[in-house]
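Just follow the structure's listing: the first ligand is 1, and inside any ligand the first atom is 1.
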Amino acid sequence: MNLEAEPSLEDAESARRLTGSARVRSVHVGQPKRIAIIGGGLVGALNACFFAQKGFLVDVYEYRADIRSTEKAVGRSINLALSFRGRAALKAVGLEDYVVSEGIPMRARMIHDTNESTHEVPYGIFPDQFIISIDRRRLNEVMLSLAEKYKELVTLHFHHKLIKVDLYSGAMKFVTEDGSTVERSADLVMGCDGAYSAVRQAMMKQSLFDYSQEFIEHGYIELETPPNGCGEYAMPPNFLHIWPRDTFMLIALPNLDHSFTTTLFMPFRKFEELTTEAQVLAFFRDTFPDALKIIGESNLVQSFLSTKPSSLISIKCKPYHVGRTVILGDAAHAMVPFYGQGMNAGFLDCLVFHELMDSLDCDIDLVLPAFTERMLPNSHAIIDLAMYNYIEMRHLVNTWSYYLRKKIDNTLYRLFPGTWVPLYTMVTFSMTPYAECVENRAWQDKVLRRAKWVIGISTIAVGLYWFFPRPTVNDYIVGFKEALNTWFRNVKVDRFYVTAEDPNFGTAGAWY
Ligand code: FAD
Ligand code: EGU
């Protein structure tokens, strides 16, 4: 798709005709007219596209500067894995093909072992089962530009930091670049302002609002991994590269410019221990020798010692709406990145919200509670899965039982692709609600537990059968005769008569 030419305002027109609304929607009681989107990050920008295409008046308030005009720090590109749910949402606003064309398909993981050997583990068994490495900044820019195409509907306000919101009236207060405050209001306020959401903070002051958060003990730093001497990819590009090392983990995703972005996950304690060039190099030589060669010693030391590790937080809350305010994306469900689903789940929020707008006639008094009800169990499920994976990655990745389970899962998937879908496949390549993915996994666990019993007991039975000498038909006859004989011998007579006193005298039982 050529973003310069299309989608155009004509597309907005046709979208409005489809929803039966006028140039700017005519509004019934209960239907919002002005939408305020707090945060112009990944979820906020996509959400603006959805609302613009429906013909609403949209104001996006973003704390930072416009990323499209800020200088791109050289050699810094951060990337993400885009999978099915995120793609489905992008497709709904017409951006899927364009975004996919700017990404790099990853068809398998490439596991880098301690002895510098590698092996591949494919993502799926069907050709369309691959994930896509996307430049985060580029994706954000593309979505902001699409939203801005709807000139008469969408206004992007940068340098607007939300500091106050009235959840019931929609009145908001912002601090702008020069430190002055401005007041605005909207019929519907959508908090797409990330893990440290100001909108959620306002909700937390309400009674009956539940909130919990957890920082994990691992931090992360991103290390730019340049192309090799010939300007080519230093490793095969169509893979998600993983170096699993118990408490340390390195993950690398490819960029279009032939570099990789490598992310190191490590406990903060360990980061604190590595403070000199020598320590950093020794650690990498020891733990990730092949990665060190690709990243380059001076590049590594320079990046490592100049960046502070970032923290990772997992947040659950409930509900997702209060009054005329709702939270989407990380604001509602920040998760640790160990399932590659954070952005995908945020994009799914936008898609589901707009499906509910369509089916409930845009009545926010119905849409907001329906949104919470629909998303809450599923968002909580993916938060749990991501956290579980964080623990599992460290403890199980190198155990045989983990690989055995993967083998069994994949074999059964090949045999019964409609019945037995492995957990990560369902999460990554389907629209099955996250909670149902978990439920399905519980069912698979139960089937495998039963199968284990059946196999265990049959093994013992067969073992016994082969261990003892097996009887022949003749053995059975001999055995039967012996048993009969023994029984005969065991028939004992304790009293007998040889005279007519015998009570059996004269009967058929007598012996003369
Ligand atoms: P954000 O991207 O955080 O955007 C929030 C926006 O709101 C920002 O622009 C911010 O400036 C603005 N804002 C904040 N406060 C205010 C305020 N008071 N007023 C106005 N504006 C405000 N997800 C995947 O799907 N796949 C991956 O491979 C993946 N990898 C990840 C790797 C790492 C290391 C991390 C940390 C996360 C990863 N994620 C991944 C998750 C993904 O980054 C997030 O889920 C996603 O960015 C959430 O988007 P968002 O728009 O909700 O929040
Ligand atoms: C972590 C950081 C591999 C990008 C989970 C897989 C991730 C990503 C995995 C990051 C892993 C872990 C899955 C995808 C993806 C795997 C997944 C994790 C992208 C279970 C930029 N994870 N991630 N699982 O299957 O389903 O390959 O920073 F190392 S994509 Cl932790 Cl599919």
* Asked: Taking the six-membered ring for Trp, are W420 and W443 parallel (under 30°), tilted (30 to 60°) or perpendicular (over 60°)?
  -> tilted
* Asked: What is the ring orientation for Y220 with F265, classed by angle as parallel under 30°, tilted 30 to 60°, or perpendicular over 60°?
  -> tilted
Should you measure from each heavy atom of [X], which atoms of ligand 2 turn up under 4.0 Å away?
{"X": "L240", "answer": "19 (C), 30 (S)"}
{"X": "G340", "answer": "15 (C), 18 (C), 19 (C), 22 (N), 23 (N)"}
{"X": "T428", "answer": "26 (O), 32 (Cl)"}

* Work out whether the distance between some heavy atom of T263 and some atom of ligand 1 is less than 4.0 Å. => no
* Asked: Around atom CD of E116, are there more than 12 heavy atoms of other residues, nucleotides or ligands at under 6.0 Å?
  -> yes
Does an N or O from [X], backbone or side chain, lie closer than 3.5 Å to an N or O of ligand 1?
{"X": "V43", "result": "yes"}
{"X": "M343", "result": "yes"}
{"X": "D330", "result": "yes"}
{"X": "L162", "result": "yes"}
{"X": "Y63", "result": "yes"}
{"X": "N79", "result": "no"}
{"X": "R64", "result": "yes"}

* Asked: With a distance cut-off below 6.0 Å to the six-membered ring centre and an angular limit of 45° from the axis, does R109 pair with Y424 as a cation-pi contact?
  -> yes
Which residue from [options] reaches closest to [atom] through any of its heavy atoms?
{"atom": "atom 14 (C) of ligand 2", "options": "Y390, Y339, Y424", "value": "Y339"}
{"atom": "atom 2 (C) of ligand 2", "options": "Y388, F265, F338", "value": "F265"}
{"atom": "atom 10 (C) of ligand 2", "options": "I251, N79, V121", "value": "I251"}

* Asked: Any idea which part of I131 is under 4.0 Å from ligand 2, heavy-atom wise: side chain, backbone, both or neither?
  -> side chain
* Residue portion contacting ligand 2 (non-hydrogen atoms closer than 4.0 Å) for V427 -> neither
* To do: Could you tell me whether some N/O pair between Y123 and ligand 2 is separated by less than 3.5 angstrom?
  => yes
Side chain, backbone, both or neither: the part of [X] lying under 4.0 Å from ligand 1 by heavy atom:
{"X": "A81", "value": "both"}
{"X": "A345", "value": "neither"}
{"X": "H160", "value": "backbone"}

